[in-house]
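Let me begin by presenting the structure, written as structure tokens, before commenting on it.
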Amino acid sequence: MSLRGDYSRAASDFSVEQDWTAHSAEEHALFRRLFERQSKLVPRYACPEWIEAITGMDAGGGIRKFDHVSKKLRAATGWEIVAVPGLIPDEAFFTHLAKRRFPLTVWLRKPEEFDYIVEPDVFHDFFGHVPLLFDPVYADHLHEYGKGGLKAMRLDAVKMLARLYWYTIEFGLVRTETGIRAYGAGILSSGGELAHSVADPAPRRLDFDLEKALRTEYLIDRYQSTCFVIDSFAQLMRETAPGFTPLYDRLRELPALPP
Ligand code: PHE
Ligand code: FE
């Protein structure tokens with residue numbers, strides 16, 4: 001896959017300057033339109049932790065300065081944002097997470113990609129991922145995930161661990177007092193997928209099952225047909241806390257499950 005970011009100026013950890021002044025008025029306006037569309041949907045479909053965080057982020061005015069948000073994040077949970085040109089290699093990604101640094105893509109999609117984009121852009125990354133970094137339990141979980149990623153690289157188990165990320169951090173659902181809600185960034189940042197994954201009768205919504213998530217393949221170019229529902233971020237934290245080494249050894253012998 002050829003990536004569309006400019007990697008030529010990236011440091012060895014793939015970080016770049018955000019260069020906020022390079023964004024045109026049109027780009028800020030496009031970000032605002034994306035933000036406004038999603039904002040109409042989230043009260044019905046997003047989990048309360050995400051809603052509470054975005055409310056305090058003052059995020060709807062256009063593309064934000066990452067440093068400004070990092071300052072608030074550091075105070076809340078010790079996380080910060082690091083600007084990157086787009087998708088980055090596993091090792092760089094896990095290393096950032098293991099240092100409580102969340103990599104954020106600097107570029108924004110084109111107007112004709114309003115409804116759908118294949119590569120994550122700054123809207124997906126910012127709107128989908130950043131708010132939950134303000135939640136202490138989620139924040140600690142993602143830190144553990146990063147450390148677990150570096151370990152999975154040594155054990156040749158990244159493929160399995162990446163499936164867990166997909167079915168939780170990107171497309172996870174959570175049970176709340178008012179029903180099932182989304183906490184996955186891929187859902188939260190998508191115009192169509194929010195209602196589909198939370199309320200449409202089509203997708204299977206399974207109780208979170210660590211082994212199944214590690215084994216289940218996923219498709220990146222269509223609405224998810226299977227989602228896993230957690231009871232809380234504390235459950236996610238608790239169930240992923242044990243060492244995965246024996247689990248990887250066992251699951252490696254079993255066939256992967258279709259999406
Ligand atoms: N407990 C996992 C291991 O030992 C690491 C991990 C933590 C993975 C949190 C995912 C989420 O490999
Ligand atoms: Fe994402």
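Note: hydrogens, waters and symmetry copies are ignored here, and every other heavy atom, side chains too, is used. We count ligands from 1, going down the list as the structure has it; atoms in each ligand are counted the same way.
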*Closest heavy-atom pair and its distance - G186, F171*: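 In this case the closest contact between G186 and F171 is C-CE2, 3.7 Å.
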
*asked:* Using a 6.0 Å cut-off, check whether atom NZ of K151 has over 12 heavy atoms from anything other than its own residue.
replied: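 Yes, the 6.0 Å shell around NZ holds more than 12 heavy atoms from other groups.
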
*Would you indicate whether D19, at its atom CG, is surrounded by more than 12 heavy atoms from other residues, nucleotides or ligands within a distance under 6.0 Å?*
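Yes, the 6.0 Å shell around CG holds more than 12 heavy atoms from other groups.
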
_Between D115 and R37, does any NZ, NE, NH1 or NH2 come within less than 4.0 Å of an OD or OE carboxylate oxygen?_
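Salt bridge flag = yes for D115 with R37.
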
I'd like a table of the close N/O pairs between ligand 1 and the protein (anything under 3.5 Å), one pair per line with both atom names and the distance.
unit_1	atom_1	unit_2	atom_2	d
ligand 1	1 (N)	T240	O	2.6
ligand 1	1 (N)	A241	O	3.4
ligand 1	1 (N)	P242	O	2.8
ligand 1	4 (O)	K151	NZ	2.6
ligand 1	4 (O)	F244	N	3.1
ligand 1	12 (O)	K151	NZ	3.2

*Decide if the gap between the ring center of F123 and the ring center of F127 is smaller than 6.0 angstrom.*
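So the answer is yes for these two rings.
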
*Do any N/O/S atoms of E170 come under 2.8 Å of the Fe ion (ligand 2)?*
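A backbone or side-chain N, O or S atom of E170 is under 2.8 Å from the Fe ion (ligand 2).
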
_Under the side chain to side chain contact (heavy atoms under 4.5 Å, CB included) test, residues paired with L206 that sit two or more places apart_ =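 Only R204, K212, T226, F228 meet the side chain to side chain contact (heavy atoms under 4.5 Å, CB included) criterion with L206.
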
